[in-house]
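Below you'll find the structure, written out as structure tokens, and then a few comments.
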Amino acid sequence: MSELKKIQTTDGHRIDCTIPDGETDVIDASYLMLFPALIDPHVHFRTPGAEYKEDWTTASKAAIRGGVTTVLDMPNNSPSCSTIFTLDAKEELVQKQLLEAKIPLRHAFYLGADKRHLQEIPQLSHRVAGLKIYMGSSTGELLVDDPSALLDAFQICAENDLLVAVHAEDEALLKERGELYSGRSDPAVHSKIRSPEVAAIAVEQAIRLAEKTKARLYIAHVSSSAELALIRAAKKQGLAVYAETTPHHLFLDESAYETLGTLALVNPPLRSKKEQEALWEAIHDETIDTIGTDHAPHTLEEKKKPYGSAPSGFPSIEFYFPLLLNAYAEKRLSLEQIVSLTHTRPQEIFRLPLNDDIVAVDLEIERTIEASMIRSKAGWSPYLGRTLKGWPIYTACQGRLFDLAKL
Ligand code: DOR
Ligand code: ZN
């Protein structure tokens, strides 16, 4: 039995806390602050089908180093996770990888909406975090853009009390704008093609479907003021509509194309500083409920391909919590807001069982992000070189205590 003692909670109380762990001795945590471990409602850990980009042996370490003990994994695998068969096969592979890593990372999977398999949803609704609908194409083959299939999917989810999670970008407008800008090959055109309007049209459609069917709706990676206005109105109307944003939309903007080139590609894309400010306001007025990393690793070699061939997405679950703690140091967020965005709201929205996993944080320590801190197979981060104040030091997951300096 080891002890993590004299821990200060976020409301200023000092408590003694004992964590069973055969491997460690008494830890002096008197300088650390205790947080409930983070829940990341949006990750792409790439199993099955793209294990060369990431798998759960590497991603689970990256998660624990970021203070995350629960992840909800997306279905855009190869094959897509959209049937009983693919869900079972994925669970088996993931269990094996976690056993190999010796990390009991809590997890659930989204089921991918595929209009040929919607009839399997009722049998699976109790086993998955939600139904993920790609309303516009992104990485992978999942796409539902015809209105009648969308209505069916929302209806089935409502009947089975399953959360609908959407990647809200309008496929038709996306294609139209792709053609409009077809002469350009600089990566910044990505933000022009996938404009805020492309996202807002799909958000509007999803909200109307939620209103009509009474399905609970989770809007992933909200990135613009136009989407926020629609979500604010839906919440005011009393609809069960929830909004997620990402670290990259909060901490990177479209000026990153100049420094990162094609590495800065992500769907939905990086936006202007003005749009970014709107996201911060929406955190403060609670229009935004959660932050999901959208940890979406691709190799550096793939990311460096020319525009048109380079894939979209960022790794960086390792830096999810430090980025937010640094925002606290800069007085942009309170500790209570961090706990709400990364723990309480995801726990409530996804109805996850309560647990006593914790992260012990040194709020004073400053570190500069280096490649040696990365555990993701991707091996790179858009945040390399940033100095952040506030880092997790220990993470306890299902009774196991991880000293992050040794993981
Ligand atoms: O940029 C993205 N990358 N957006 C997505 O929707 C998917 C993700 C991925 O899986 O690579
Ligand atoms: Zn994603």
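Please read these numbers as outputs of a predicted model, since none were measured by experiment. Ligands are counted one by one from 1 in listed order, and the atoms in each one are counted from 1 as well. Just so you know, these numbers use all the heavy atoms, side chains as well, and skip hydrogens, waters and symmetry mates.
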Counting only protein N, O or S atoms (no waters) closer than 2.8 Å to the Zn ion (ligand 2) gives 3
Compile the protein residues with any heavy atom at a distance under 4.0 Å from an atom of ligand 1; present them by chain, then by number.
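Shell around ligand 1 (4.0 Å, heavy atoms): His44, Arg46, Asn76, Tyr134, Ser138, Thr139, His167, Val266, Asn267, Ala296, His298, Ser312, Gly313.
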For a ring pair (Phe, Tyr, Trp, His ring centres under 6.0 Å) with His167, tell me which candidate from Tyr134, Tyr110, Tyr218 qualifies.
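Option passing the ring pair (Phe, Tyr, Trp, His ring centres under 6.0 Å) with His167: Tyr134.
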Under 6.0 Å from the CD atom of Gln237, do we count more than 12 heavy atoms belonging to anything else shown?
yes
Evaluate the criterion salt bridge (charged side-chain N to carboxylate O under 4.0 Å, His left out) for residue pair Asp146 and Lys115; output intermediate values, then yes/no.
CA-CA 9 Å; Asp146 83 78; Lys115 73 177 179 186; 2.7 Å; yes
Among Val164, Val166, Leu228, which residue meets the side-chain contact (heavy atoms from CB on, under 4.5 Å) test with Ile219?
Val166
Polar side chain donor-acceptor pair, Glu54 to Ser376, under 3.5 angstrom:
yes
With ring centroids as reference points, do Phe251 and Trp280 lie under 6.0 angstrom apart?
yes
Apply side-chain contact (heavy atoms from CB on, under 4.5 Å) to the pair Val361 and Phe321, showing each step before the final yes or no.
CA-CA 10 Å; Val361 166; Phe321 200 17; 3.4 Å; yes
Salt bridge or not between Glu318 and Arg375? Use side-chain N to carboxylate O under 4.0 Å.
no
Whether the side chain of Asn77 engages the backbone of Thr47 through a donor-acceptor N/O pair (distance < 3.5 Å, no angle test) should be reported.
yes
